[in-house]
Amino acid sequence: MPELPEVETVKTVLKNRIQGLMIRDIDVHYERMMDEDTRSALIGQTILDITRFGKYICFMLTDVILISHLRMEGRYFFKTEDEPLLKHEHIVFHLSDGLSLRYHDTRKFGTFDLRTYQNYLSTKPLNQLGKEPFDIDPKAFYEALKKKHISIKTALLDQTLIAGIGNIYADEILARVSIIPHRYTDEITLKEAKEIVFAGIDILNAAIASGGTTIRTYVSQLGVSGRFQLKLKVHQREAEPCDTCGRPIVRTVINGRSSFYCTKCQKR
DNA sequence: ACCACCTCCTGATCGC
DNA sequence: TGCGATCAGGAGGTGG
């Protein structure tokens, strides 16, 4: 599941590869993912830049902006035109250098939204987005948490509160600061809110750096998935011993999401 | 207004 | 072996 670091990696690879190219044509193989109006508006447009907001990728084109969200399993691949279409390649962008950029998404959850330079920041989904850990003011974050009565785990996944964190890094951040995921937001102190923000910055940066090392690999393989292994402390490690105390990591469900934590180290 | 829960979708995995 | 049930999850939508 791509979160901010993976999306940053994908954005960087895409930018290095296709900035300046023109979209000659587009094949849509799953209509619900992109309507004909969007498709036709994109054809003939040049890719001036590629940017990222939280987990959203923005293709900044000549006249319009295409906002792409990978959700859980979206991936981009570069292929030559003669390579056969795979089952889960739903959108194929034919580029002016003769290559095709293919959007691959097993579960079809990914989204594409067409916006203008005029409205893209003032309409959904970007106008709903909170600040990223890098930009957020810890005091403001604390105040926002205080106004709510939800679990801190749920809060970290709320993209309007803080952008870019998904299920994996939410668990990892809480493990780092020794806070139990069930802890209510209105009980989080200013000191703890600061710790959460700083841990978030640190963990996301480490993940981006780890992704950065794989960028070269992905480029040479013509694939862009943004997946890489960062050593995880708790996430997806149910029953494995905690690195710190050796107790088995516990899995629980919070607001419908798997949450992994150490019952001894994460007490507060 | 706020928050819990449902929905989209497919493949992997599990139990019988 | 095979089949149905269950689960995974980001974010928008719904309903209490």
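In this text the structure is predicted, and so the values were computed from the model without any measurement. Quick note on labels: first sequence line is chain A, next is B, and so on, each numbered from 1.
Within 6.0 Å of the OH atom in A:Y184, the count of heavy atoms belonging to other residues, nucleotides or ligands does not exceed 12. At most 12 heavy atoms of other shown residues, nucleotides or ligands fall within 6.0 angstrom of atom CD in A:Q118.
Residue A:G256 is the one, among A:H88 and A:G256, whose nearest nucleotide of DNA chain B lies closer to the 5' end (criterion: closest heavy atom).
Rounded to a whole Å, the CG atom of A:D105 is 13 Å from the P atom of C:dG10. The nearest whole Å value for the distance from the CD atom in A:E73 to the C1' atom in C:dG10 is 12 Å. Summarising the geometry, the separation between CD1 on A:I57 and C1' on C:dG10 is reported as 14 Å, rounded to the nearest angstrom. Taking atom NE2 of residue A:H69 and atom P of nucleotide C:dA11, one finds them 4 Å apart after rounding to whole Å. As rounded to whole Å, 16 Å separates atom P of C:dG12 from atom CZ of A:R32. Rounded to whole Å, atom P of C:dG10 lies 18 Å from atom CG of A:L126. When rounded to the nearest whole Å, the span between CD of A:Q159 and P of C:dA11 equals 4 Å. In this structure, CE of A:M72 is placed 5 Å from C1' of C:dG10, rounded to the nearest angstrom.
Nucleic acid contact class of A:T111 (heavy atoms, under 4.0 Å, all strands): none. A:K87 comes within contact range of the sugar-phosphate backbone alone, with a heavy-atom separation under 4.0 Å but no base atom that close.
For the pair A:K124 and C:dG12, the criterion of a side-chain N or O lying under 4.0 Å from OP1 or OP2 is not met.
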For nucleotides 3-5 of chain C, tabulate all protein N/O to nucleotide N/O atom pairs closer than 3.5 Å, reporting atom names and distance.
none

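Along DNA chain B, read 5' to 3', the first and last nucleotides having any atom under 4.0 Å from a heavy atom of chain A are B:dC3 to B:dG11.
Clustering ILVMFWY residues whenever any of their side-chain heavy atoms sit less than 4.5 angstrom apart, transitively, puts A:I179 in the very cluster that holds A:Y169.
Rounding to the nearest 0.5 angstrom, the gap separating the OG1 atom in A:T51 from the CG atom in A:L126 is 8.5 Å.
By the 30° and 60° cut-offs, the orientation of the rings of A:F112 relative to A:Y76 is perpendicular.
Contact annotation: the side chain of A:L101 never approaches that of A:L21 to less than 4.5 Å [non-hydrogen atoms, C-beta and beyond]. Annotation: side chain of A:F109 is not in contact with side chain of A:E73 (no heavy-atom distance under 4.5 Å).
Counted by atom type alone, A:D25 and A:H94 present zero donor-acceptor pairs between their side chains at under 3.5 Å.
Side chain A:R257 to base C:dG10: a donor-acceptor pair is found below 3.5 Å.
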* To do: Take A:E6 and A:T9 through the side chain to side chain donor-acceptor pair (under 3.5 Å) test and state the conclusion after the steps.
  => CA-CA 5 Å; A:E6 291 82 358; A:T9 302; over 6 Å; no
